[in-house]
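Following this message is one structure expressed as structure tokens.
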Amino acid sequence: MLCEAMEAARPVLGTGKVADYIPALAAVDPNAFGMALATVDGDVHGVGDWEQPFSIQSISKLFTLALGLARGGDLWKRVGREPSGNPFNSLVQLETEQGIPRNPFINAGAIVVTDRLQTLTGDAFGAVRDFLRAESGNALLDADPAVAESEALHGHRNAALAHFIASYGNLDNPVETVLQHYYAHCSIAASCRDLSLAGRFLARHGLRADGSRLLSSSDAKRVNAVMLTCGTYDAAGEFAYRVGLPGKSGVGGGVLAVMPGRGALCAWSPALDQAGNSLAAVGALDAFVTATGWSVF
Ligand code: GLN
């Protein structure tokens with residue numbers, strides 16, 4: 001079934017545009033494609049370049065949110081749960097909404113969540129990296145320092161967002177610290193295999209690979225719901241229509257989707273549509289779900 005999904009995505013493979021806001025991402029082969037399925041009971045299957053690491057970018061926002069929520073507190077007072085209808089790096093809503101970002105999956109929201117995780121752990125990036133290592137079993141998984149450095153060098157919009165949020169008193173840590181951890185977790189390199197395994201806790205209603213609980217089943221449901229409505233930015237409606245699963249994308253071309261009770265799917269191909277979602281990855285997920293009927297609807 002994964003092979004058929006890959007074939008179904010072939011017509012759009014390489015169409016669209018590879019993220020080029022930093023040189024380290026622009027160098028990726030637009031025709032690369034991988035897809036992996038990790039089932040709730042521990043099997044993992046893949047096709048294409050499924051073991052090749054890529055820049056996870058905004059997929060990291062899913063893990064910062066889960067880890068930030070896992071320790072309780074008042075995160076939802078500091079970030080909303082509504083789709084923004086705007087590009088992921090937009091500044092426009094922040095002023096009218098007084099420094100409370102619309103949701104945790106746009107950059108502004110992820111900056112607030114990173115701040116919360118930094119307060120909780122003292123090392124927001126390390127917390128995300130260690131979680132991904134533990135769930136994937138890949139002890140070598142790490143940030144790509146060249147990508148992180150490039151993110152910081154070209155990070156004017158993110159710095160603007162963070163300072164603006166801080167001006168409303170919605171950051172507890174220094175802006176520079178929060179940005180450094182935000183860039184670092186965005187620049188983690190991981191494969192479809194790693195990410196499908198790491199996303200499995202959401203298919204297991206909050207249970208980690210070792211059987212311990214990260215989130216209550218109610219919080220796992222909530223994270224999945226926010227992914228469905230906000231995880232693919234201002235294309236979340238289209239993604240829900242086509243794929244019918246909670247999904248989180250990143251400008252590295254990866255998309256992680258959750259099939260509650262069944263498993264997690266990750267597809268990757270670097271060329272993006274206008275909203276910043278991979279055309280071939282979304283196409284393959286659409287084909288897989290359409291063939292199996294494994295949507296939440
Ligand atoms: N690091 C990217 C940014 O902050 C992440 C964006 C994304 O993947 N949508 O702009």
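What you see is a predicted model; the values in this text were computed from it and never measured. When a ligand or atom number is given, it counts from 1 through the structure's own listing order. Residue indices begin at 1 and follow the sequence shown.
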Exercise. Would you call Asn158 a ligand 1 contact, heavy-atom distance under 4.0 Å?
Worked result: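 For ligand 1, residue contact (heavy atoms, under 4.0 Å) with Asn158 is present.
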Exercise. Does the separation of the ring centres of Phe201 and Phe131 fall below 6.0 angstrom?
Worked result: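 They qualify: ring centres under 6.0 Å apart.
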Problem set entry | Separation between CG of Leu117 and CZ of Phe63, rounded to the nearest 0.5 Å |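 Nearest 0.5 Å value for the CG-CZ distance: 13.0 Å.
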For this session: Give a yes or no answer on whether the side chain of Asn103 reaches the backbone of Pro83 with a donor-acceptor pair at less than 3.5 Å.
Result: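 No.
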Exercise. Taking atom CG of Leu132 and atom CD1 of Ile56, what is their separation to the nearest 0.5 Å?
Worked result: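 It is 5.5 Å, given to the nearest 0.5 Å.
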For this session: For residues 202-224, pull every pair meeting ring-ring contact (aromatic ring centres under 6.0 Å, His included), keeping only residues two or more places apart or in separate chains.
Result: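 Output for this query is empty, none listed.
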Exercise. In the protein, what heavy atom is nearest to atom 2 (C) of ligand 1, and what distance, to one decimal place, separates them?
Worked result: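 Nearest protein contact, heavy atoms only, for atom 2 (C) of ligand 1 is Gln57 OE1, 3.0 Å.
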Problem set entry | Side chain, backbone, both or neither: Glu151 near ligand 1, heavy atoms under 4.0 Å |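 Side chain only.
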Exercise. Can any side-chain N or O of Tyr182 pair as donor or acceptor with the backbone N or O of Val112 at less than 3.5 Å?
Worked result: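 Not confirmed, Tyr182 side chain does not pair with Val112 backbone.
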Problem set entry | Non-hydrogen side-chain atoms of Leu179 and Asn158 separated by less than 4.5 Å |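 Of all side-chain heavy-atom pairs linking Asn158 with Leu179, at least one is under 4.5 Å.
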For this session: With heavy atoms only and a cut-off of under 4.0 Å, state how Cys186 meets ligand 1: side chain, backbone, both or neither.
Result: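 The answer is the side chain.
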Exercise. Looking at atom 6 (C) of ligand 1, what's its closest protein heavy atom, distance included?
Worked result: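 For atom 6 (C) of ligand 1, the nearest protein heavy atom is Ser58 OG, 3.2 Å.
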For this session: May I ask you to list the atoms of ligand 1 that are less than 4.0 angstrom from any heavy atom of Tyr21?
Result: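 The list of qualifying atoms is 1 (N), 2 (C).
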Problem set entry | Minimum-distance protein heavy atom relative to atom 9 (N) of ligand 1 |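 So the nearest neighbour among protein heavy atoms is Tyr233 OH, 2.7 Å.
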Exercise. Which atoms of ligand 1 sit under 4.0 Å from any heavy atom of Val251?
Worked result: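 Atoms satisfying the 4.0 Å criterion: 6 (C), 7 (C), 8 (O), 9 (N).
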For this session: Please could you name the atoms of ligand 1 that Tyr182 approaches to less than 4.0 Å, counting only its heavy atoms?
Result: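 Matching atoms, with element in brackets: 3 (C), 4 (O).
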Exercise. Is the closest N or O pair between Gly250 and ligand 1 shorter than 3.5 Å?
Worked result: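 No, no N or O pair falls under 3.5 Å.
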Exercise. Do Ser58 and Ser249 come within less than 4.5 Å of each other through their side chains, counting heavy atoms only?
Worked result: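 They are not in contact (no side-chain heavy atoms under 4.5 Å apart), so the answer is no.
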For this session: For Tyr183 and ligand 1, answer yes if some heavy atom of the residue is under 4.0 Å from a ligand atom, otherwise no.
Result: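 Under 4.0 Å: no for Tyr183.
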For this session: Return a yes/no value for Asn107: is any of its N or O atoms, backbone included, closer than 3.5 angstrom to an N or O of ligand 1?
Result: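 N/O-N/O distance under 3.5 Å: yes.
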For this session: Measure from the side-chain N and O atoms of Arg204 to the backbone N and O of Gly261, and report whether any donor-acceptor pair falls under 3.5 Å.
Result: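 No, Arg204 side chain to Gly261 backbone: no donor-acceptor pair under 3.5 Å.
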For this session: Give the atoms of ligand 1, by number and element, whose distance to some non-hydrogen atom of Phe88 is under 4.0 Å.
Result: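 With Phe88 as reference, the close atoms of ligand 1 come out as 6 (C), 9 (N), 10 (O).
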